[in-house]
Each structure stands twice: as structure tokens, then as C-alpha cells.
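Below: one structure, written as C-alpha cells.
What you see is a predicted model, and the numbers here were worked out from it, not measured in a lab.
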Amino acid sequence: MLLLPVRVEDAEVDRLPAVSIGIAAACAVAFLFTWVLPSNPDGFRTEGFHEIARYFQEHPYLELQPRFLYDYLSPRARESLEELREEQPVTVDAEMLAIEQRHLDSLIEGFEAEAEGSLLRRLGLVPARGLLQPGWLTHMFLHFGWMHLLGNLFFFYLVGPLLEDLWGRRFFAGFYLVGGFTAGLAHFALDPRSAALMAGASGAIASCMGAFTYRCASRRIRMWYLIFLIRSGTFLIPAWLWGGFWFAGEVFGLVTQSSGGVAVMAHIGGFLFGFAAAVVLEKSGYEARELAPAVQGKTTWTQHAGTDAARVALDRGDKLAAAQAYRSVVKDRPLDREAAVGLAQIEQDPRGAVFLLHALANKGELAQAWEIAVELGPLFDPDQLSDKLAYQLAGLSDLPEGAGDLPERLDVAVGARKGPLAAKALLRAAKRCLAAGRTERAQEHLAAARALPGLAPEMLAAIDAVERPPRGAARAWVGPASSVAPATAAAPAAALASTAPASAVRVLACKLVQLAEDAVHVELATGKTRRVQFNQLVGIAAGVVATAEGAAILTDFVLSWGTGADVPSAIRIPGAQLGLASLFPGLPAKQAYSKLMAYVLARIEGEPLPSRQALANGEYPKFPSVAALNAAFYGPRA
């Protein structure tokens, strides 16, 4: 049976693992110069060994030097020679024995001299050389053959980038080097007089595995198995179990001496060092106090200094200074939303903001592009947008508040340019007008569409169908969907649908896909992504609801408490849709949820339910049903 790890499930990093890539590149370059290019990479000249073997086969009564047997030969080669040994024949006298022994010794000495001259052996770690040798550092970048290199780098790929992402580049680089040194020290302690060469990154990688086993114990490893070439498949196990089994296998190899020449003591020493280091970092609070804030400072968006300067200038009415400050922000961050919109409003020139609109559309973030268009207000000119972007924006189903007649204006602008999308845009504008009861305006759009040159028969038929629908048929309309929906219609949370009347509260059941500094990104049931800024929220609510499958926690990002005839509305995310394992890798679900709640509470000024203190303390009320939760949170308010 073959059993191999395939990947760490849901493994994501916040930035490029530059140190991990550098370590892998260093191993590859060292392998090129120490193994690929040299004709005799490890100094083990095959002809020399065969000459020694032939001579010993002819004179099996001679003595092979222990240094040659144990420092240069594999266990199998050593056993093969030992099996040839015979007693000294009576026909060989003492003088002849001495001559033959000297010749065998000279062959071995020549073999050893050539072996010691190889670059690989000079840079590898040999315990007998003592403490003053470069091998303490260089050995962890050297490898014996392709399988040795690729196997080590694959295990490093599984754990190295994730640790670098958690601890930061500088700390991880130091940890890797110290881990490799500690692994070499463990190998040295086992037999300080050994002249056997040790090389390979596995000791340093074992330290990474040890740290990963503790620090990311709850992460899941996807394992692949193959049973007698008949059946194969994959399954998931927790990281602590994977690391524990691997470590147990290394200890078994050491105890039974079945490692086949592998430096298992280096693996054991490296693993124990990494595990202990991870424990100390957590228990001492150093990771939370020093490492995590430093990493967050590198990976979390921070506000440009020019933004604060512009805000201060605007507060005192100095638009010239504010414009200069915003320009400095746009120069460093061309896609900064506040700076682009603010500069456009001050200078009454939307060109910079239009550039931002196109950039966001190219990234697929049409919802954000719409929000900027609304912020620009009267400055927004559909004629400055490309046909493709204008058509995409006008067709977005989930439009922000304040969009007004912009969708129609966008479609009309596309139609006026008479491009490939003109007819479709004008037809859509006509449908909007018909739905709003503006028949004359709809007829104008239909006439403009019909007047376009080169219309396809299918488009003419579509125009006719809108202009003269079949008797009894309702006029078609492609317009924006409601921004909120009743809980009973929310696909992602169908099992948690409320039996309360839809008028009690309107919710949009979503999946959390990203947590930003100033907003959350959620995925709708349709697959579209929506960005909700924290300053748009009036509160947050959390409660545990009993379901047929067990208890489930619901998190509501409250958009409105309801005023007059309007009912409250909220974005609701069931616990299974929060993606806590991706947001906070390695943390238990309960602890990860507490971190999420603390993150949100620090960024909203609205009213938390049941209270800010309760949510901060992890105290979530329990309800027998979603209807009961809705009634408690969104019932009549004093």
C-alpha cells in the first residue's frame, strides 16, 4: 500500500512566499552545481569501487578498512562485500599477505581521495570534521539525486509557505536556518566521529513540519492511497495526525536501524525543535504580540498619509491643499477609491475616477465600480466609458441605492455610439421604461434601436416582441433584483429558513468570501459578489438556532432596523458559510469565530445584539427557531 500527502486543504497565503521560493531556488541551484554538472558528483567513482570489489573478490581474506565500509558504502554494498569474506588460505604466507593488503589499502586511499575532492562532499556535513566546517549551513541546500531533491521540496511546499505567511518572512528565514542547524547538531550528537557525509534539506524541513503539526494542528491534509495497483483514492486527516505518524515512523526507523542510510536523527531533532519552537512562540505570547501584528502590517491594507491630509484640508475648507494631497495618494495608489473620487469632485474632472472604473471592471468588481459612479453624482458621464463597461454596468442585477436613472443613461450612451452593443442596450433601456410605465420614452428607445444599421433578424424580432407583445402576455423587463430577500427564499440557508412572515425582517443569505479593512465581501446565491462597507452597517447580531442537524450560529450584518413602513433588513451568514478555516488557519472554530466577531465589532459603530459586551465575551443567545431569533432581534423596538 502506498500512502502520500497531496496538499493542505484550503491552503491560501496573503502574499507571495518569497523566502520559501528563495529556499527552493537555492536548493535547485546548489543541485545544479553539485550534482548535475559534475561528472562524479559525490566522488563515488564507480570504476574505483568496482576495482576494489574485484580485488577483494579475488582476495576475500584481506581486511577492508572500517572507514571505507561505513563512511562511503551503503548498507547493501557493505553486506555484499562482507558475504565474500573467507579465511586466509595456507598457500598465502605472511609476506604475500602484507603485499596484497597494502595494494588493497592503496586502492581504497585513492578512492577516498577522489571522493573527498568533490564539491558535494566539501560542502556537506561530516561530523568527524568537527564544529568548524561550512557544512553546518550548506548541507541543508544539497541533495543526492533528483528524487531526494523533489521529495524534500514537495514536503517543504506543503508546510513552508503557510508558516512563512503566519510568522513573516524574516522570522521564517531565521527559523529555517536554525532548524536545519539543530537537525545537523542532532545527527552530529549521534556519532561525532563519523566521517559519513550528510546532505539534504530534510532536517530543516522536518523542523517546519514539527512547527506546522502544532501551529496548524487543525488544518486538514489530503492524503492519496494506492492499494496493490487495484484501488486508489484520497481522504482527509488533521495535520497533527499526519505529523505524528511521520514522526513515529522516523523514531521507528532509528530504533530498528531500518532507515537505509537516511539521517533519521536529523529528522527527529529538526521535528522536535520545530514543535517546541511553535509551542514557545504561542505560550509566551510572542507570536500574538510581535509576529502577528508585523505580518498584518504587511498584508493588511493601510491608509495613505495623504488621505488624512486631504481630509484635514477639506475640514478647514482648503480645497487646493486637499487636491494636492489626493494627487499624492493617486500617484502612489492609482486605484485608491477615496482619492480618485475626491480629486474628481474637487477639480470637477472625472477622468481619474473613470480610469478607476475601468480598472475595477477588468478585475470583475462591477459592484464597486457602480458605487463609485453613484458617488460621482452629476460628474459621472456615461459618454466617457467604453461601450463594454457601460453595458456591463447597466446590466448589473444588484444595483446600489442612488443609482436612479443611471442604468438607462448608460444604455442610451451605448446606443448613441451605434457600436456592436447598441441595439441590445437600447432594447434593455426600452424594457426598463415600459416597466416604469414610461411608454413614450420606451418607444423612443425602440425606434432608435430599429434605426440602427445592419440589425440581425433575431434583434428585429426581439424589438418587435417588446413593441407588440402577444395578447395577454406581460411585457418583459430586465431590471435590478431586490437588494434583500426573505429568509425563506435564501438558497444558501434554506435549511435555516424562517417560518416567520417575510415582513418581519428581510434577509439576504450569503457566503463570506473576504474580510477587508473597511468592508466585508459576500457572495450571493446567484454567485455574484457584493462589497458591504462597515460604515454602512447599523449593527451586528449573532445567535444560535436549533435545526434538525443540530445547533447552528447565524451572523447578521444589519443594514437597517426598519423605519415607518419599511421592515428591517440584514445580510445573514450561517456559520458554515463564514469560511473560518480560511480566515484564521489553524484556529479551532470557536476561537476563530471570536476573532471574527472582535474584528467586526472594532469597525462598526452600530448596535450589536444581544449587546456589544455579550458578543465580545462569546455569549450568543440560543433560539428554538429562526422565527424566534427574528422576533427577538427585529421585533418592535422601543
message: Is the shortest side-chain heavy-atom distance between Ile553 and Tyr620 below 4.5 Å?
response: yes
query: So, Glu338 side chain and Thr307 main chain: donor-acceptor pair closer than 3.5 Å or not?
result: no
- request: Could you check if a side-chain atom of Met223 sits within less than 4.5 angstrom of a side-chain atom of Leu4, using non-hydrogen atoms only?
  value: no
Arg289/Glu287 salt bridge by N-O under 4.0 Å criterion: no
Distance, nearest 0.5 Å, that separates OH of Tyr634 from OG of Ser569: 8.5 Å
message: Classify the ring geometry of Phe155 against Trp242: parallel below 30°, tilted from 30° to 60°, perpendicular beyond 60°.
response: parallel
task: Measure the spacing between CD1 of Ile540 and CD1 of Ile571 and express it to the nearest 0.5 Å.
output: 11.0 Å
message: If you define the side chain from C-beta out and look only at heavy atoms, does anything of Asn535 sit under 4.5 Å from Asp518?
response: no
task: Decide whether Asn630 and Arg572 meet the rule of one side-chain donor and one side-chain acceptor closer than 3.5 Å.
output: yes
- request: Would you indicate whether the side-chain heavy atoms of Tyr225 and Thr234 approach each other to under 4.5 Å?
  value: no
message: How close do Gln133 and Gly124 get, counting heavy atoms only, and between which atoms?
response: OE1-O, 3.8 Å
- prompt: Would Leu166 and Phe172 count as a side-chain contact (heavy atoms from CB on, under 4.5 Å) if you check the C-alpha gap in whole Å, the side-chain angles of each, and the deciding distance to 0.1 Å?
  reply: CA-CA 9 Å; Leu166 289 171; Phe172 177 72; over 6 Å; no
- request: Give a yes or no on whether the ring-centroid distance for Tyr214 and Phe271 is below 6.0 angstrom.
  value: no
- prompt: Checking Glu523 side chain against Cys510 main chain: does a donor-acceptor pair fall under 3.5 Å?
  reply: no
task: Answer yes or no for Arg215 and Phe212: cation-pi contact, defined as NZ/CZ to six-membered ring centre under 6.0 Å and angle to ring axis within 45°.
output: no
query: Is there a side-chain contact between Asp165 and Pro17 (heavy atoms, below 4.5 Å)?
result: no
- prompt: Looking only at atom types and distance, does a side-chain atom of Asn617 sit under 3.5 Å from a main-chain N or O of Gln613, one as donor and one as acceptor?
  reply: yes
- request: Would you name the heavy atoms of Leu512 and Leu596 that are closest together and state the gap between them?
  value: CD2-CD1, 4.4 Å
task: Taking the side chain as every heavy atom from C-beta outward, state whether His143 and Asn152 have any pair of such atoms under 4.5 Å apart.
output: yes
query: With a cut-off of 6.0 Å (strictly less than), are more than 12 heavy atoms of other residues, nucleotides or ligands near CZ of Phe252?
result: no
- request: Given side-chain contact (heavy atoms from CB on, under 4.5 Å), test Tyr593 with Leu580 step by step and report yes or no.
  value: CA-CA 7 Å; Tyr593 187 78; Leu580 296 174; 4.0 Å; yes
query: Between CD1 of Ile604 and CZ of Arg612, what distance do you get to the nearest 0.5 Å?
result: 6.0 Å
message: Given 3.5 Å as the limit, does a donor-acceptor pair link the side chain of Trp136 with the main chain of Leu125, or not?
response: no
- request: Just say parallel, tilted or perpendicular for the rings of Phe154 and Tyr157, cut-offs at 30° and 60°.
  value: tilted
query: Are any side-chain N or O atoms of Tyr599 and backbone N or O atoms of Ala516, one a donor and one an acceptor, separated by less than 3.5 Å?
result: yes
message: Please tell me whether Trp146 and Phe31 form a close aromatic pair, meaning their ring centres lie under 6.0 Å apart.
response: yes
query: side-chain contact (heavy atoms from CB on, under 4.5 Å) between Phe156 and Tyr176: does it pass, once the steps are laid out?
result: CA-CA 11 Å; Phe156 182 61; Tyr176 180 87; 3.8 Å; yes
message: Quick one, Ile573 and Val522 - any side-chain contact, counting heavy atoms below 4.5 Å?
response: yes
- prompt: Are the aromatic rings of Phe273 and Phe175 close, with centres under 6.0 Å apart?
  reply: yes
field: Where Gly203 and Ala183 come nearest, the two heavy atoms and their spacing
entry: CA-CB, 3.5 Å
message: A side-chain contact here means heavy atoms from C-beta on lying under 4.5 Å apart; do Trp224 and Ser232 qualify?
response: yes
query: Nearest 0.5 Å, what's the CZ-CZ distance between Phe235 and Arg222?
result: 10.0 Å
query: Is the side chain of Thr138 donor-acceptor paired with the backbone N or O of Leu123 at a distance under 3.5 Å, no angle test?
result: yes
- prompt: So, for Gly200 and His148, which heavy atoms are closest and what is the spacing to 0.1 Å?
  reply: CA-CE1, 3.8 Å
Residues Leu16, Arg169; criterion side-chain contact (heavy atoms from CB on, under 4.5 Å); working and verdict: CA-CA 10 Å; Leu16 186 72; Arg169 291 169 176 168; 4.2 Å; yes
Between Phe633 and Phe623, ring centroids under 6.0 Å: yes
query: How close do Val538 and Trp561 get, heavy atom to heavy atom, and via which atoms?
result: O-NE1, 3.4 Å
message: Between Ser207 (side chain only) and Ala204 (backbone N and O only), is there a donor and an acceptor less than 3.5 Å apart?
response: yes
Heavy-atom closest pair, residues Met198 and Ala263: SD-CB, 3.7 Å
- request: Find the distance between CD (Glu517) and CZ (Arg603) and round it off to the nearest 0.5 Å.
  value: 4.5 Å
Distance, nearest 0.5 Å, that separates CZ of Arg170 from CD of Glu164: 13.0 Å
